[in-house]
Colleague: 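The following block contains the structure, expressed as structure tokens.
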Amino acid sequence: MLRIDAIDAGYGPTRVLHGLSLEVRAGEVLCVMGRNGAGKSTLMKAIMGLVPAQAGSLTLDGVRTTGLPAHAVARLGIGYVPQGRRLFGELSVHENLEIGLMARRRGQRVRDHVLSLFPRLRERLGQTARTLSGGEQQMLAIARALCLEPKVLLMDEPTEGLQPSMITLIRETVRDLRATGVAILLVEQRVDTVLQVADRVAFILAGRLAEIADARGLDAGAPQFRQYVGV
Amino acid sequence: MLLALMEGLVSAAVLALTAVGLSLTFGVMRVVNVAHGEFFMLGAVLAWFVTQAFPGAPALGFALALVVCPLCVAAIAVLADLLVLKRLAYEPAPTIVATIGLLYVLQQAALSLFGPDARPVAPPFDFRVQLPWFGYSGYKLCVILAALALLGLVWALLSRTRIGLVMRATRIDREMARAFAINVDLVYAGVFGLGAGLAAVAAVLIVPIRQAHYLMGADPLLLSFIVVIIGGLGSLRGTLAAALLIGLMDGLLSTALFLPPTVARIAATLLVALVLVFRPQGLLGKAAA
């Protein structure tokens, strides 16, 4: 589905990712873990085309996306839930969803489906996004990305700063999406969430892939978590 | 006093159209367009050329100018965006310098093609409306109504259409806009063209009253900046309120009190200074977080 081959990426002259390679398959949740500054968010942005890839290649279903502008990458079917949600805060919930729907010209059917996943958003359609609670904002960030009907969903720390009930909801949503065949690349720092939703876990150290492990072979005390994440 | 009010409303209407263009450019693109006044000047100068082509039918020439001139100016602005601003990645400081350069290029081009003389454009129609105490130019009343209609269209475009939604999303977070398949470069080119087109249409409306001249861009530029700063950068409502304030003040000082136009400029500049000291975000702008 999404293939990352020996990618180098960074900001200006600073290189953050060094020859990183990964592959996310359809219906799989690949969690990415690493310390702060390891390059997790940069990896997400590089996939989206928001940070230019200086070397290597990215392909989605065999179509090379390296060098494409970000808006063209999104149109190919990559949904993005960024760190810190980054909603269009002055726009209403309805308008935020509309932006997602317009991205791949999706209509009422997709909108209704997304709202069925997050019924609370249906009650808040006219409300300005920045006035939502933290949990509702995260729901909207995910819903907005799902409006693209993505083949691949990139989620950057979606449980950060949320209360336990909301974390549970997000875990369930990730599992439900996986069941529909969406490939999910999830940056996550919570070990319990990773163990519950991941199929495989990629550990990144200083912009390089340090290890990739089958999630079934990991438990909360696995040495990788201490070694690469510091928990 | 009523005459001063009417004259002020004409100034306010034209100023509002011009300043909304500047405000849009800054609000969406974060580009301070120093060449905005020259787009106004180009609108007026092109209107003279178009109306000259129909000497016997001023209404036809003017109607054509009202459509053709804003489109031509918008096309020039889009070209400037693609050739200059885009290459500078819309960085604030370089784009200010670049638009200063654009100002001189447009001004000197107008001087070369149009000449140094001020040239009149005949109004499309000439009738007077009898108000309780005096008769007033029907054309000037039409300028107010046309500006209000155009401002209403801009408001509807921004708040009621998908194009407006895309523009607002781009203004809020251009990186996220890109991540949601919005072609930000296209939006920027469109907004720059729209801003310039609004300045041009304002100029076409006012040129039968004020004449076309290659140096006429300085005043609308200064007043537009004053309006945008007082109203609040990027705030459409603030821009309209400030245009009304400055326009009426101009009408009152120049027409009712017979003071030279410089006094109105000094008063407006003082108002800007007061706003910058006591409410830097402008009357209706939002304070930075």
Side-chain angles (χ1 to χ4, degrees), chain A residues 11-12 41 44-52 65 68-92 94-107 128-130 140-141 143-150 152-156, chain B residues 23-24 26-30 81-82 85-91 94 155-191 232-239 281-282 284-289:
Chain A
Y11 306 88
S41 295
M44 298 295 210
K45 288 187 174 186
I47 295 169
M48 284 307 301
L50 297 171
V51 168
T65 66
L68 286 181
H71 67 266
V73 174
R75 275 181 204 149
L76 289 173
I78 302 184
Y80 183 35
V81 182
Q83 187 175 25
R85 299 152 204 153
R86 296 197 43 191
L87 296 169
F88 299 109
E90 293 165 37
L91 303 185
S92 67
H94 166 75
E95 288 171 327
N96 270 276
L97 296 177
E98 195 65 26
I99 293 286
L101 292 167
M102 277 157 44
R104 295 185 76 205
R105 298 173 188 218
R106 298 302 192 251
T128 310
R130 67 158 172 250
L140 180 56
R144 181 180 62 172
L146 293 181
C147 282
L148 278 77
E149 277 196 310
V152 177
L153 184 62
L154 311 180
M155 304 176 85
D156 197 346
Chain B
S23 181
L24 265 179
F26 179 81
V28 177
M29 303 168 69
R30 301 283 144 188
D81 172 77
L82 296 176
L85 303 182
K86 187 180 170 185
R87 288 172 187 224
L88 297 171
Y90 303 98
E91 289 293 329
W155 174 82
L157 174 79
L158 288 176
S159 59
R160 293 281 182 267
T161 67
R162 286 186 165 190
I163 293 172
L165 180 60
V166 163
M167 283 161 64
R168 285 184 288 146
T170 305
R171 176 178 64 79
I172 295 166
D173 188 337
R174 76 172 162 183
E175 188 177 69
M176 272 309 102
R178 284 197 169 104
F180 282 87
I182 292 174
N183 185 341
V184 169
D185 291 340
L186 197 64
V187 173
Y188 280 6
V191 166
L233 291 168
S235 162
L236 193 63
R237 280 186 307 155
T239 301
Q281 72 271 31
L284 295 178
K286 293 184 181 94

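The analysis underlying the following values was restricted to heavy atoms, covering all of them including side chains, and did not include hydrogens, waters or symmetry mates. Quick note on labels: first sequence line is chain A, next is B, and so on, each numbered from 1.
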Colleague: What part of R144(A) lies closer than 4.5 angstrom to a heavy atom of chain B: side chain, backbone, both or neither?
Modeller: both

Colleague: Decide if atom CD1 of I163(B) counts as having more than 12 heavy atoms of other residues, nucleotides or ligands within a radius under 6.0 Å.
Modeller: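 Open: at most 12 neighbouring heavy atoms sit under 6.0 Å from CD1 of I163(B).
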
Colleague: What part of R162(B) gets closer than 4.5 Å to chain A, counting heavy atoms only: side chain, backbone, both or neither?
Modeller: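 Interface part for R162(B): both.
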
Colleague: Hey, are the side chains of F88(A) and R168(B) touching, using non-hydrogen atoms and a 4.5 Å cut-off?
Modeller: no

Colleague: Side chain, backbone, both or neither: which part of L148(A) has a heavy atom under 4.5 Å from chain B?
Modeller: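 Just its side chain gets close to chain B.
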
Colleague: Enter the distance from L91(A):CG to D173(B):CG here, rounded to the nearest 0.5 Å.
Modeller: 10.5 Å

Colleague: My understanding is that only residues two or more places apart in sequence, or in another chain, count here; which of them pass ring pair (Phe, Tyr, Trp, His ring centres under 6.0 Å) with Y188(B)?
Modeller: Y90(B)

Colleague: What is the distance from atom CD of E175(B) to atom CE of M48(A), rounded to the nearest 0.5 Å?
Modeller: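 Between atom CD of E175(B) and atom CE of M48(A) there are 9.5 Å.
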
Colleague: State, to 0.1 Å, how close H71(A) and I182(B) come at their nearest heavy-atom pair, and which atoms those are.
Modeller: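 In terms of heavy atoms, the two residues are closest at CB-O, 3.4 Å.
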
Colleague: Please round to the nearest 0.5 Å and tell me the distance separating atom CD of E90(A) and atom CD1 of I172(B).
Modeller: 4.5 Å

Colleague: Quick check on the structure: residues of residues 75-86 of chain A within a heavy-atom distance below 4.5 Å of chain B, by number.
Modeller: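 Expected list: R75(A), Y80(A), P82(A), R86(A).
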
Colleague: Determine the minimum heavy-atom distance between A181(B) and A74(A), stating which atoms define it.
Modeller: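 A181(B) and A74(A) have their closest heavy atoms at N-CB, 3.6 Å.
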
